[in-house]
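Written below as C-alpha cells is the structure these notes are about.
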Amino acid sequence: MQELTKQKAYEMFLNGTQVEVSKKPTHVFARWVENFDLCTKASGIVENERKNVTGWLVQPQHDKKNLYVLGDEQMRNCYSPMTTESYLYENGEVRYWQFAKKHGAAFISGPQKKRVVFVNKDITFPDPWEGGAFTLLAGGVLVDNGDNSVYGINPVEFWKTHERVVE
C-alpha cells in the first residue's frame with residue numbers, strides 16, 4: 001500500500017483524469033455526539049479511526065454500518081431535514097436542528113455534481129479534517145475538499161451513493 005502526504009494525494013487528484021459524477025439523494029439518520037470514538041471500515045479494511053469526535057453522527061439508510069461524523073456547518077450544507085411534523089418548525093428551521101441534535105432525526109441530501117479521480121491502487125493519506133490516516137482501496141475515488149486537500153470514498157460506498165454523469 002502506498003502512503004501519501006496530504007499534498008501528494010491532492011496532486012494525484014489534480015494530475016488525474018477528472019470524471020463528473022452525481023451524488024444520488026441520500027436518506028440518513030443523524031444524531032449529535034460528543035467525545036465519540038469512531039472506526040470506519042470499507043470492504044473489511046479499516047479506512048479511518050477517529051477519537052473523541054464531536055459532531056453529527058450520520059448513518060446512511062442504504063448502509064447502516066457506514067457511519068461518519070460531520071461538523072455542524074458541513075451537516076447543514078449537505079443535508080436537509082425530512083419531516084412533516086409542523087411542531088418542529090415552531091421557531092423556524094433552528095427549532096428542528098435543536099430537536100435533531102438532542103433526539104436524532106431523518107435527513108436527505110439533494111443531488112450534487114462533483115468531479116472525482118479514480119485510483120488504481122490502494123493508498124493511505126491524511127484525512128482533511130483531523131489528519132488521521134485514511135485508507136482508500138483501488139477503484140475508489142479522490143474528491144476535492146475545496147481547501148487544497150482531498151477526501152476519499154471507497155469503491156463499494158461510492159457506487160451506492162454516486163453515478164457517473166453521461167454527457
- [ ] Given side-chain contact (heavy atoms from CB on, under 4.5 Å), test R50 with F36 step by step and report yes or no.
- [x] CA-CA 8 Å; R50 297 169 68 190; F36 187 79; over 6 Å; no

Task: Audit row: L4, E11, side-chain contact (heavy atoms from CB on, under 4.5 Å) steps and yes/no - done: CA-CA 10 Å; L4 301 176; E11 288 172 13; over 6 Å; no

Task: Verdict with supporting geometry, L70 and M75, side-chain contact (heavy atoms from CB on, under 4.5 Å) - done: CA-CA 6 Å; L70 296 177; M75 184 68 180; 4.1 Å; yes

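Clustering ILVMFWY residues whenever any of their side-chain heavy atoms sit less than 4.5 angstrom apart, transitively, puts L142 in the very cluster that holds F134. F107 and F29 fall into different hydrophobic clusters, where Ile, Leu, Val, Met, Phe, Trp and Tyr residues are linked whenever their side-chain heavy atoms come under 4.5 Å apart, directly or through other members. One hydrophobic cluster holds both V150 and I123 under the rule that ILVMFWY side chains link at heavy-atom gaps under 4.5 Å. The hydrophobic clustering, which links ILVMFWY residues whose side-chain heavy atoms are closer than 4.5 Å, places V116 and I153 together. Note: the hydrophobic cluster containing Y151 does not contain L136 (ILVMFWY, side chain heavy atoms under 4.5 Å, direct or indirect links).
Crowding of E3 atom CD: a count of heavy atoms from other residues, nucleotides or ligands under 6.0 Å not exceeding 12.
A distance of 4.0 Å separates CD in Q2 from NZ in K121, rounded to the nearest 0.5 Å. Considering CD of E20 and NZ of K114, their distance stands at 12.0 Å, rounded to 0.5 Å. We find the CD-NE2 distance between Q112 and H162 to be 7.5 Å, quoted to the nearest 0.5 Å. The line from CD1 of I108 to NE2 of H27 is 3.5 Å long, rounded to the nearest 0.5 Å.
Under the 3.5 Å distance criterion, the side-chain polar atoms of D122 are left unmatched by any main-chain donor or acceptor of M1. A distance-only check finds a donor-acceptor pair linking the side chain of S109 to the backbone of T26 [under 3.5 Å]. Side-chain N or O atoms of N154 include one that pairs as donor or acceptor with a backbone N or O of T135 at under 3.5 Å.
The minimum heavy-atom distance linking P128 with S149 is given by the pair CB-OG, 3.3 Å.
Under a 4.0 Å N-O distance rule, the pair K160/E157 does not qualify as a salt bridge.
Residues passing the side chain to side chain contact (heavy atoms under 4.5 Å, CB included) test with N148 are Y10, sequence neighbours excluded.
Residues W56 and Y79 keep their aromatic ring centres 6.0 Å or farther apart.
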